[in-house]
There are 2 protein chains.
Amino acid sequence: MSAAREESRVPGREPLTAPVEDYLKAIYAIGRGSGAAATNEIAQRLALAPASVSGMVRRLADQGLLAYERYHGVKLTESGRRAALRTLRRHRVIEAYLAEALGYPWDRVHEEAERLEHAASDELVDRMAATIGEPEVDPHGAPIPTKDGSVDETEYTSLADLAVGASGVVVRVADEDPEMLRYLGELSILPGKRITVKSRAPYDGPITLGSGRQEMSIGPALASHVLVAPLADRAGKRG
Amino acid sequence: MSAAREESRVPGREPLTAPVEDYLKAIYAIGRGSGAAATNEIAQRLALAPASVSGMVRRLADQGLLAYERYHGVKLTESGRRAALRTLRRHRVIEAYLAEALGYPWDRVHEEAERLEHAASDELVDRMAATIGEPEVDPHGAPIPTKDGSVDETEYTSLADLAVGASGVVVRVADEDPEMLRYLGELSILPGKRITVKSRAPYDGPITLGSGRQEMSIGPALASHVLVAPLADRAGKRG
DNA sequence: GAAATAAGTTAGTATGTCCTAACTTTTCCC
DNA sequence: GGGAAAAGTTAGGACATACTAACTTATTTC
């Protein structure tokens, strides 16, 4: 490799390429850190052909980032997990910074962060985090991994699983689709909001919610992306 | 190309690759917008083998970004010049932002900007510029191209060319070497500083400068990177 | 103006990442 | 448990970018 390529390395971390970082992030997201990831699912997340994934996971396994058994999916090694979390930290700090410091709307931070995360040095990310007061979550409520590689992996309840009558505080919206985010924003279903399930139509029908003095109705597909911390004032989970 | 690659395109501008943007910037810098650039000089700036440049330059010419005549160097076309200035604007706005908003020292903004310039959208760059008050120069005093593609191309006098007795205001340091920048910082030779040439030793010897109540001596190699706007209070240029 | 030197090009190769087409293995279902 | 469907792999190729080695063109120098 040339001197120019050497120079393009990002200081403060291993010189993983952007595609490699994307693979690791995807595998982490699928396995939530622990479980195995299927070739097809990786391919779908990254919008690649399954054949391309087969080739790449072999190389990542050779580099010690993945444990790979042919025909049986992959798992992150400890080293792979650390790399994935470093990228995830960069992504989420950048998202938080764009929203806080530069006034980005929450539906557009993801796309920008998706590119910057590969180019930003750890120093930049740390300065961003310090400037906005060491945030613990990104604008969608996703937890930001710490520098030493730990993350809050609490599994929250989806709004689609909250029983009628139960209340909860929205902690996270687990989707980056700008349209969906804008719509939720209009309904003011945002991290921190308190919400009560008023009713639920049968056959996976619309869910009626109360939030403050507002009342609204959303479909289960949307609700499934809204994660809440249930409040212990009434019922528990749905059956 | 795959959907993933499509997605990685930066919105708000042509999807030029990072290497292509680097070539255009280098060619612009060599030709200062107008003149021709030699293959070898491009290669040296980018730390590439001349043969690699021959290949790339042909492709850029095919794309209409360069005018290329075999064995006779290249020139930017109007379209190439515009692309170069867009990248230069991104680079310099980012440098200014890193220094202003994130407290980066002036000797480290270049390296970070060198990577971010390829990943940042025009929207991000515009928000950065707006946030720090639409700067006109970067931390080294280099002019920031405007969105519509114009730049201040004033040619300033180098400190090495300023006559004994003449004064000037430092407008720019035309080098990105961190060590050099730190040294100049220690001497407090910074954009905006007023400086007088007190004496000049023969045979390209050290130049003695006065700045405020300070007096110091620098070599001509260093002085040649310090650009000044001469003040009309005493002598003119050195012959 | 011809030889020496400098500058630039082509040819052939490598690397990383992607693709499609064809094949193999695993899983599912009756 | 055997065949269909789903999942995954290999083979072979493309593309962008880089390299080295060998060659060609341009420039300098006497």
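Order of the sequence lines sets the chain letters (A, B, ...), proteins ahead of strands, with each chain counted from 1.
- As a whole-Å value, the separation of A:E21 CD from C:dT17 C1' is 15 Å.
- Side-chain nitrogen and oxygen atoms of B:R59 include none within less than 4.0 Å of the OP1 or OP2 phosphate oxygen of D:dC15.
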Show each protein N/O and nucleotides 20-27 of chain D N/O combination with a separation under 3.5 Å, one pair to a line.
unit_1	atom_1	unit_2	atom_2	d
D:dA26	OP1	B:H72	NE2	3.4

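- Looking at residues two or more places apart in sequence or on another chain, you find a salt bridge (charged side-chain N to carboxylate O under 4.0 Å, His left out) between B:E114 and B:K25.
- Taking B:D152 as the reference, B:T154 meet the side chain to side chain donor-acceptor pair (under 3.5 Å) condition, with sequence neighbours excluded.
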Result block: side-chain N/O donor-acceptor pairs under 3.5 angstrom for residues 58-65 of chain B, not counting sequence neighbours:
none

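- Along DNA chain C, the nucleotide nearest A:M56 and the nucleotide nearest B:R58 are compared for position; the residue whose nucleotide lies closer to the 5' end is B:R58.
- An end-to-end axis angle of 0° holds for the helix from C:dG1-D:dC30 to C:dC30-D:dG1, taken from five base pairs per end and rounded to 10°.
- Not a single salt bridge (charged side-chain N to carboxylate O under 4.0 Å, His left out) links B:E176 to another residue, sequence neighbours left out.
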Can you tabulate the close N/O pairs, meaning under 3.5 Å, that link protein atoms to atoms of nucleotides 1-6 of chain D?
none

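- Spacing between atom CD of A:Q63 and atom C1' of C:dT15 amounts to 13 Å, rounded to whole angstrom units.
- Summarising the geometry, the separation between CD on B:E69 and P on C:dA7 is reported as 19 Å, rounded to the nearest angstrom.
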Would you tabulate the side-chain donor-acceptor contacts of residues 141-148 of chain A under 3.5 Å, counting partners in other chains and residues two or more places apart, or write 'none'?
unit_1	atom_1	unit_2	atom_2	d
A:T146	OG1	A:D148	OD1	2.7
A:T146	OG1	A:S150	N	3.3
A:T146	OG1	A:S150	O	3.4
A:T146	OG1	A:S150	OG	2.9
A:K147	NZ	A:D126	OD2	3.2
A:D148	OD1	A:S150	OG	3.3

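- For B:R172, there are no salt bridge (charged side-chain N to carboxylate O under 4.0 Å, His left out) partners at least two apart in sequence or on another chain.
- Between A:T17 and C:dT17 there is a side-chain polar atom (N or O) within less than 4.0 angstrom of OP1 or OP2.
- Listed by chain and number, the residues in a salt bridge (charged side-chain N to carboxylate O under 4.0 Å, His left out) with A:R82 amount to none (sequence neighbours excluded).
- Atom CG in A:D62 sits roughly 13 Å away from atom P in C:dT17 (whole-Å rounding).
- One interatomic measurement links the two molecules: CG of A:L46 to P of C:dG16, which rounds to 19 Å at whole-angstrom precision.
- Inspection of the B:D22 and B:H118 side chains reveals an N or O donor paired with an N or O acceptor under 3.5 Å.
- Taking B:V173 as the reference, B:W106, B:L181, B:L184 meet the side-chain contact (heavy atoms from CB on, under 4.5 Å) condition, with sequence neighbours excluded.
- For the pair B:Y23 OH and D:dT17 P, the computed distance is 8 Å after rounding to whole Å.
- Among the heavy atoms of the strands lying under 4.0 Å from A:T39 are primed sugar atoms or P, OP1, OP2 only; no base atom is included.
- B:I42 has its CD1 atom 15 Å from the P atom of D:dT17, to the nearest Å.
- For the side chain to side chain contact (heavy atoms under 4.5 Å, CB included) with B:Y23, the qualifying choice from B:L48, B:T17, B:L66 is B:L48, the only one to do so.
- The shortest side-chain heavy-atom distance between A:L16 and A:L24 falls under the 4.5 Å cut-off.
- Between the P atom of C:dT9 and the CG atom of B:L48 lies a distance of 14 Å, rounded to the nearest Å.
- Applying the side chain to side chain donor-acceptor pair (under 3.5 Å) test to pairs two or more places apart or on separate chains, those with a residue in residues 93-104 of chain B are A:Y97-B:Y97, B:H91-B:E95, B:E95-B:H110, B:E95-B:H140, B:Y104-B:E112.
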